[in-house]
Every structure is written in C-alpha cells, then in structure tokens.
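Report on the structure given below.
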Amino acid sequence: MKRQELQVAALRSGTVIDHIPSDKLFQVVSLLHLDKMETPVTIGYNLKSGKMGSKAIVKVSDKFFTDEELNQLAVITPNVTLCIIRDYEVVEKKEVTLPETLIGLVKCSNPMCICNHEPMATRFHVVDSEKRVVKCSYCNHEMALEKMQII
Amino acid sequence: MDNRSLITLAEHSREKLLYLIEMAQEFEKHPNRRLLEGRIAATLFFEPSTRTRLSFETAANRLGAKVIGFADPKVTSGTKGEILKDTIKMVSNYADIIIMRHYLEGAAKYASEVTRIPILNAGDGANQHPSQTMLDLYTIYQSQGTLENLNIYLVGDLKYGRTVHSLLTAMRHFNPTFHFIAPDELAMPEHYKQYCKDNGIKYHEYKEFDADVISGADILYMTRVQKERFSDLMEYERVKDAYLLKKDMLVKARPNMKILHPLPRVNEIEYSIDDTPYAYYFQQAQNGLYARQALISDALGITLEDVRNDKTIIG
C-alpha cells in the first residue's frame with residue numbers, strides 16, 4: 001500500500017498526541033502549557049481524518065509527559081491517541097484515563113460554591129468515569145464534565 | 001490537614017454517632033462545668049442566625065470557655081473585600097476552635113483546609129448543618145429510647161430542606177422506614193430516593209396529610225414551607241395550609257409519637273398542639289445545647305471518658 005504523504009512532519013523523539021477534535025486543540029495547548037514549551041512543537045490543525053472528519057495533531061519534540069499530565073487530557077478529550085517516539089519509531093502507545101481527582105482543572109458550575117468566590121484551586125472527585133460525572137469536594141454538587149468550563 | 005473539624009455527619013460511622021449521643025447525655029445530666037476553662041471559641045457568623053449562634057455560644061459558655069466572634073458580617077473586613085482564608089487564618093491565631101456559619105456552600109470545608117484549629121460547621125449555605133442533625137438524632141434517641149427501626153415521617157418542604165436530607169443520610173445506620181409527605185413542587189428529590197434504594201432504606205410517599213397517614217408515625221418531623229421557594233404564589237397559598245398540622249389530626253397517633261420541627265415555625269403546627277404530650281419541638285431546641293456541647297468537646301479532643309471523669313461539674 002502506498003504510504004500517503006504525512007500532513008505533519010515526522011518526529012525524531014518526543015510525544016505525539018493525535019486524534020484531537022479540532023475544536024479542542026487550543027484547550028489541549030493550554031492544558032499542557034505548550035505555549036511555554038522551549039523545544040520545537042508542531043501543531044496540525046483542521047487536518048483531514050477518515051474517522052473524525054477534521055482533527056488536530058500535536059507533536060512535541062524531546063518531551064515526555066508524565067502520566068499525570070497526560071491524563072488531564074481526558075477532561076477535555078478522552079479519545080486521543082498518544083505515541084511516544086524514539087528514533088522515529090513508536091516505542092509506546094498510551095490511552096488517557098480520567099484521573100480520580102481533578103484539581104484546578106475545571107470550574108464548579110454551582111454559583112453558590114465557595115470555590116467560585118475565593119482565590120483557591122477547585123477540586124472534584126470522579127463519581128462515574130463512564131458517564132463523566134464529577135462531584136465538587138466543597139459544595140458536594142454532582143455535575144457532567146462536558147458542561148463544565150475549563151480553567 | 002490533620003484536625004478534628006466537623007464539616008458533615010454524613011461520613012460518621014454508626015459507632016461515632018452513638019458515641020456523640022452518649023456524650024450529649026452526660027451534658028444533659030450536668031450542663032454546667034469548667035471542662036473548657038482556658039479555651040477560646042470563636043463564633044464567626046458570615047450569615048446571621050441568632051438561634052444557632054445563641055445555642056453554640058451557650059454551649060461553650062456553660063462549659064467554661066470564653067467566646068469571641070461576630071454575629072453579623074457587616075462588622076467584619078469581609079465588607080472591605082477580605083477573603084475567607086485571611087479571616088480564618090487571623091482568627092486561628094486567637095481561638096482554639098472556630099464555629100462558623102456561611103452563606104456559601106463548602107465554606108466550612110475550605111476553612112478547615114487553611115487552618116490547624118478545628119472548624120465546626122454551623123451551616124454552609126444549602127449544603128450541611130451537622131449540629132442540627134446531631135440534635136435531631138439526639139432528640140429522636142431521647143424520645144424513643146432507640147434509633148433503631150423507627151417510622152419517621154417527614155412533612156413539608158422535602159426538596160430544599162437540608163435538615164431532612166441530612167437526617168435521612170445520618171439515619172441510614174439504624175434501619176428506619178421513611179415516609180415523605182410533600183406537594184409535588186417540594187417532593188423529595190430523585191437522587192435522595194435513589195440514595196435510599198442504594199442504602200436499603202425503606203420509604204413511602206404521600207401527598208395527602210391526615211390522621212390516617214400519620215397514624216403509624218414514631219417521629220413526625222415538620223418543616224417550614226417557605227414562600228420564596230414558589231414561583232407561583234397561588235400554588236403556595238394552596239399548599240401552605242394543606243401541610244398545617246392540626247390538633248384533631250392526632251386522634252390516631254401512637255402514644256410514643258413525637259412531633260419535631262427545626263424551628264422557627266410559621267404556619268406548620270397549630271399552637272394548641274404545644275400542650276399535648278406529642279409536642280417535642282421545644283425540648284428538641286433545648287437538646288441543641290447538649291448536642292453542641294458534645295460536638296465542641298469532641299472537636300477539641302475531649303473524649304467521652306474525659307467527660308465521665310470530669311471533676312469540674314458546677315452545682
């Protein structure tokens with residue numbers, strides 16, 4: 001089978017985050033602090049994807065995130081593909097899983113919750129990882145992750 | 001942070017609840033002591049609540065503690081824009097325990113994370129009010145001689161009433177049967193009914209409120225139907241009297257039945273009921289003193305054994 005031309009140049013060493021829904025790209029950038037990165041970062045946006053129609057891809061050179069950092073992605077987009085590259089080869093594929101506790105990542109949707117009034121980190125526990133329902137550690141309200149605002 | 005704060009009773013075990021009841025019994029026998037002499041309790045009421053504050057302050061004073069604090073947030077730096085954390089940290093330098101009431105949900109939990117001294121939650125918005133729950137449990141125990149296998153009827157606003165929700169949660173250890181009596185607008189929320197199912201708590205629901213419905217009650221817990229909860233005032237006018245407990249509705253009541261109400265009552269219990277043996281709401285309010293004495297002592301690390309061996313009893 002003839003290999004198609006790559007839409008984004010190959011990476012020698014680092015992390016590839018593929019199958020990001022295009023509209024989530026900038027949230028991924030800010031969550032992983034890619035704007036503060038000092039090594040080369042290649043970003044593909046609005047690329048064609050057989051599965052998704054339109055997708056984004058991020059390739060970060062010489063950077064290997066911790067699982068904790070990567071799992072935060074599950075808050076925004078649970079179905080990304082993660083590849084760890086060394087010498088142009090994929091040495092590891094990873095899936096992101098929603099962490100049990102989300103600290104400082106999303107905003108509580110209860111306007112009467114203390115965390116919307118004090119300069120403090122929000123904290124949620126995941127009560128149903130399939131339905132993506134979380135519970136605020138402060139006001140005890142349960143809410144759907146999809147409807148929450150990313151900080 | 002390792003401290004003895006009380007934010008909610010929801011996580012207390014059955015043993016811990018019974019332990020606190022036993023401690024409250026000791027304080028009922030001898031409420032006046034010098035057990036907390038030399039200690040300072042701060043009552044910080046970011047939202048006014050005279051009844052709760054007087055009860056806590058009396059509890060602390062009768063145990064010999066000194067009380068500082070404020071009853072009205074208008075006099076504090078909060079109005080100058082001070083954040084809660086700073087107020088708590090400042091007061092922590094002065095007091096041994098903070099008893100706080102706040103209009104925001106989760107405020108007490110957050111406060112307990114920023115200080116080393118114990119925080120006692122005296123109500124955080126619509127969230128928790130554990131001292132009310134503790135005094136309710138104590139009152140039920142006192143009036144029935146047990147917490148086990150009781151028929152508890154909850155009447156009125158079961159949708160917004162945090163006292164009934166906390167009571168439901170705390171009673172799960174004691175095999176209760178709950179009976180919910182409320183108009184559709186104020187019915188017990190679905191997730192609490194699910195909670196009952198998940199925890200094997202039996203419950204029944206009624207819309208009508210009459211002598212037959214309540215004839216099986218051991219505890220009849222009345223709540224206030226609050227006008228501001230209704231979007232349609234006609235609807236309020238219709239239901240407010242439907243949930244008024246009248247004296248003639250008690251003809252079939254069990255002899256051990258007791259009527260509770262978190263107070264203040266407005267239009268829920270006919271005044272003529274006050275003189276019947278079923279009325280127990282004033283006793284309930286008094287029990288707030290003993291329950292809060294137990295909660296303050298426990299938060300300060302005083303054990304049931306300490307209370308039993310206490311040599312500082314006055315009179």
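Excluded from the calculations below are hydrogen atoms, water molecules and symmetry mates; all remaining heavy atoms, backbone and side chain alike, are included. Proteins get letters first, then strands, A, B, ... in listed order; numbering begins at 1 in each.
The 12-atom threshold is not exceeded at NZ of B/Lys85, counting heavy atoms of other residues, nucleotides or ligands nearer than 6.0 Å. For B/Lys227, the NZ atom counts as loosely surrounded, since its 6.0 Å shell holds 12 or fewer non-hydrogen atoms of other residues, nucleotides or ligands. Atom NZ of B/Lys159 has 12 or fewer neighbouring heavy atoms from other residues, nucleotides or ligands inside a 6.0 Å radius. Atom CD of A/Glu100 is surrounded by 12 or fewer heavy atoms from other residues, nucleotides or ligands within 6.0 Å.
Side chains of B/His191 and A/Glu142: no donor on one and acceptor on the other come within 3.5 Å.
At least one donor-acceptor pair under 3.5 Å links the side chain of B/Lys109 to the backbone N or O of A/Ser137.
At a heavy-atom separation below 4.5 angstrom, chain B is approached by A/Asn110, A/Met112, A/Cys113, A/Ile114, A/His117, A/Glu118, A/Pro119, A/Met120, A/Arg123 within residues 103-127 of chain A. Residues of residues 38-76 of chain A never come closer than 4.5 Å to chain B when only heavy atoms are counted.
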